[in-house]
Amino acid sequence: MTPEINGNVEGSFQLIGGNFTNAGEASTQLKMKLFEFGVDDAIIRRAAIATFEAEMNVIIYAAAGQLHYYITPENIKIRVEDMGPGIEDIEQAMQEGYSTAPEWVREMGWGAGMGLPNMKRNSDEFMIESVVGEGTTVHMTINLNE
Ligand SMILES: Nc1ncnc2c1ncn2[C@@H]1O[C@H](COP(=O)(O)OP(=O)(O)OP(=O)(O)O)[C@@H](O)[C@H]1O
Ligand SMILES: [Mg+2]
């Protein structure tokens, strides 16, 4: 139990494809919120990594999207949905090292193919759904208690 959280807290951020200038803004805001609530450092770090990777994927691959978070005394639920090309083969996309990032994205240091595996690793529950030509939604839950 994290006593500082009285009741449930939720919010959302809009994400715009190609907007590298504000990249990381949503995950930074969520991180600050969790810090204010006195959430354990290690849990904040996991939430920050998972949301940052999800946010970056929207910025890199999609036209637009939204990051929504819902914090309760038990857990943090994060949903990142986008309007974008979707993912044809999710199993392949989940593999470490698999990336379709174009050269200009790789030049910025992205495209190691580690984003989705890192989201899964840092979440207690991870689910991804995608419709080709429509978009992708990632659902992540991070528990606040042991
Ligand atoms: N939101 C998305 N929309 C469309 N395709 C996506 C999306 N997220 C991931 N993908 C596809 O899945 C692949 C793997 O994603 P992942 O985040 O694991 O690696 P990456 O973004 O290529 O590299 P890294 O995250 O390490 O910078 C991407 O290269 C892309 O083809
Ligand atoms: Mg990625």
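Atoms within a ligand are numbered from 1 in the order they appear, just like the ligands themselves.
Clustering ILVMFWY residues whenever any of their side-chain heavy atoms sit less than 4.5 angstrom apart, transitively, puts V131 in a cluster other than the one holding V138. The hydrophobic cluster containing Y61 also contains F52, counting ILVMFWY residues as joined when their side-chain heavy atoms lie under 4.5 angstrom apart, directly or transitively. When the side chains of ILVMFWY residues are joined at heavy-atom separations under 4.5 Å, either directly or via intervening members, V58 and Y98 end up in two distinct hydrophobic clusters.
Considering backbone and side-chain N/O of G113, one or more are found under 3.5 Å from N/O of ligand 1. Geometrically, ligand 1 and P85 share no nitrogen or oxygen pair separated by less than 3.5 Å.
When only non-hydrogen protein atoms are considered, atom 30 (C) of ligand 1 lies nearest to T100 OG1, 3.4 Å. Of all protein heavy atoms, the one closest to atom 17 (O) of ligand 1 is N57 ND2, 2.8 Å. Atom 10 (N) of ligand 1 has as its closest protein heavy atom I87 CD1, 3.6 Å. Looking only at protein heavy atoms, the nearest one to atom 12 (O) of ligand 1 is A93 CB, 3.5 Å. The shortest contact between atom 14 (C) of ligand 1 and any protein heavy atom is with Y98 O, 3.3 Å.
Close approach to S99 involves these atoms of ligand 1, each under 4.0 Å from a residue heavy atom: 20 (P), 22 (O), 29 (O). Contact atoms of ligand 1 toward G86: 4 (C), 5 (N) (distance under 4.0 Å to a heavy atom of the residue). Annotation for ligand 1: atoms under 4.0 Å from non-hydrogen atoms of W110 are 27 (O). For ligand 1, the atoms closer than 4.0 angstrom to any heavy atom of E53 are 25 (O). Shown in contact with P117 at under 4.0 Å from a heavy atom are these atoms of ligand 1, numbered in order with element: 18 (O).
With no hydrogens or angles considered, no side-chain donor-acceptor pair links H68 and E81 at under 3.5 Å.
The Mg ion (ligand 2) has no N, O or S atom of S99 under 2.8 Å away, backbone or side chain.
Distance check, rounded to the nearest 0.5 Å: CD1 of I78 to CD1 of I142 gives 4.5 Å. The CH2 atom of W110 sits 6.0 Å away from the CD1 atom of I60 when rounded to the nearest 0.5 Å.
Contact annotation: for L116 versus ligand 1, heavy atoms closer than 4.0 Å belong to both the backbone and the side chain. The part of D82 lying near ligand 1 is the side chain, judged by heavy-atom distances below 4.0 Å. With a 4.0 Å heavy-atom cut-off, ligand 1 is reached by the side chain of Y61 but not by its N, CA, C or O.
Counting non-hydrogen atoms of other residues, nucleotides and ligands closer than 6.0 Å to CZ of F35 gives a total of 12 or fewer.
Across every non-hydrogen atom of S27 and E55, the tightest pair is OG-OE1, 2.8 Å. Shown here for D124 and N143, the closest heavy-atom pair between the two residues is OD2-N, 2.7 Å. For the residue pair A26 and L15, the shortest heavy atom distance occurs at CB-CD2, 4.1 Å.
Nearest-residue assignment for atom 27 (O) of ligand 1 (options G111, G84, G115; heavy-atom criterion): G111.
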Could you check R121 against E96 for salt bridge (Lys or Arg N to Asp or Glu O under 4.0 Å), going step by step and ending with a plain yes or no?
CA-CA 11 Å; R121 186 174 306 127; E96 292 191 6; 2.6 Å; yes
